[in-house]
Amino acid sequence: MKLTEDIKAAISDSVLCWLATSSTDNMPNVSPKEIFSCFEDDTIIVANIASPQTVKNIRANKNVCISFIDVLKQKGFQLKGEAEIVVKSSSDFSKMEKVLLLLTKGNFPFATITKITLTNAKPIIAPKYLLYPNTTEQEQIESAKKSYGF
């Protein structure tokens, strides 16, 4: 599955994403990730900064779900795919690392990268958009700003 321009824009606008994994005994784990980006046409990469359970789970079960939203627009995406842990000795590591280092500015060390090859995508939208079809993004942003005290 290729990343659409809408998905790429949503990733760019999101501050955090949530990566869901599952262990071999089907125990779910969801962990927030701060350093993530698009890579090539069908891949998302995530820096493994403080994620020992995520790494352990992916090594045991490659199926993952990653989601992200723009908190002001209250729109985003849920993506599913297959993950692998990329280590420094991998031929792709340095190319991926360069992308992620632009985001960390060197402040967050990481020794491995989660590479997610996407298989499925669906939009996430706030219920207000469904219940009130005439709601615009600008109205949603203004409403969110009020609720957050901006």
Side-chain angles (χ1 to χ4, degrees), residues 1-131 133 135-138 140-141 144 148:
M1 187 201 109
K2 297 226 185 244
L3 292 165
T4 66
E5 292 305 315
D6 287 342
I7 293 172
K8 289 178 183 179
I11 289 171
S12 180
D13 291 343
S14 298
V15 176
L16 289 174
C17 71
W18 291 265
L19 181 57
T21 62
S22 182
S23 67
T24 54
D25 57 351
N26 294 319
M27 287 301 295
N29 181 65
V30 176
S31 180
K33 308 296 181 196
E34 187 174 358
I35 307 300
F36 61 102
S37 184
C38 303
F39 185 76
E40 299 177 341
D41 290 333
D42 65 345
T43 305
I44 294 176
I45 53 176
V46 181
N48 293 323
I49 296 169
S51 307
Q53 190 63 50
T54 297
V55 171
K56 181 180 177 182
N57 285 355
I58 290 170
R59 286 186 169 139
N61 180 351
K62 63 184 178 182
N63 296 307
V64 299
C65 179
I66 187 167
S67 62
F68 44 88
I69 63 165
D70 178 312
V71 294
L72 295 180
K73 293 178 186 175
Q74 296 188 357
K75 288 184 176 183
F77 287 89
Q78 178 191 81
L79 309 174
K80 294 182 182 176
E82 295 182 351
E84 66 179 280
I85 302 302
V86 180
V87 296
K88 287 191 179 203
S89 60
S90 169
S91 60
D92 286 339
F93 187 89
S94 64
K95 289 188 287 186
M96 293 177 188
E97 181 183 42
K98 285 179 185 173
V99 173
L100 296 172
L101 285 175
L102 290 173
L103 300 171
T104 69
K105 297 180 174 70
N107 293 325
F108 298 96
F110 55 93
T112 61
I113 297 169
T114 297
K115 175 185 176 186
I116 305 166
T117 303
L118 303 174
T119 58
N120 186 296
K122 73 177 188 178
I124 298 172
I125 60 172
K128 187 173 186 178
Y129 288 110
L130 300 173
L131 297 172
T135 299
T136 65
E137 279 187 9
Q138 191 57 42
Q140 193 69 7
I141 290 169
Y148 292 125

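- Within 6.0 Å of NZ on K75 lie more than 12 heavy atoms contributed by other residues, nucleotides or ligands.
- Sequence neighbours left out, the pairs with a member in residues 95-112 that pass salt bridge (charged side-chain N to carboxylate O under 4.0 Å, His left out) are D92-K95.
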Under 3.5 Å, sequence neighbours excluded: what are the donor-acceptor pairs made by side chains of residues 120-128?
none

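- Taken to the nearest 0.5 Å, the OG1 atom of T104 stands 4.5 Å off from the CG atom of L101.
- A distance of 9.5 Å separates OG of S14 from CD1 of I66, quoted to the nearest 0.5 Å.
- A distance of 11.0 Å separates NZ in K56 from OG1 in T21, rounded to the nearest 0.5 Å.
- Taking 4.5 Å as the limit, some side-chain heavy atom of V64 sits within range of a side-chain heavy atom of L19.
- With values rounded to the nearest 0.5 angstrom, I7 atom CD1 is found 13.5 Å from S12 atom OG.
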All N/O donor-acceptor pairs, side-chain side in residues 76-88, below 3.5 Å, sequence neighbours left out:
none

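- N63 meets the side-chain hydrogen bond (donor to acceptor under 3.5 Å, both in side chains) test with N61; sequence neighbours excluded.
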In a table with atom names and distances, give each donor-acceptor pair under 3.5 Å that connects a side chain of residues 25-50 to protein atoms at least two apart or in another chain.
residue, atom, partner, partner atom, Å
D25, OD1, S23, OG, 2.3
S31, OG, K33, NZ, 3.0
K33, NZ, S51, OG, 2.6
K33, NZ, T54, OG1, 3.2
N48, OD1, T114, OG1, 2.9
N48, ND2, T112, OG1, 3.0
N48, ND2, T114, OG1, 3.2

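- Sorted by first and then second residue, the salt bridge (charged side-chain N to carboxylate O under 4.0 Å, His left out) pairs involving residues 7-17 (not counting sequence neighbours) are E5-K8, D13-K73.
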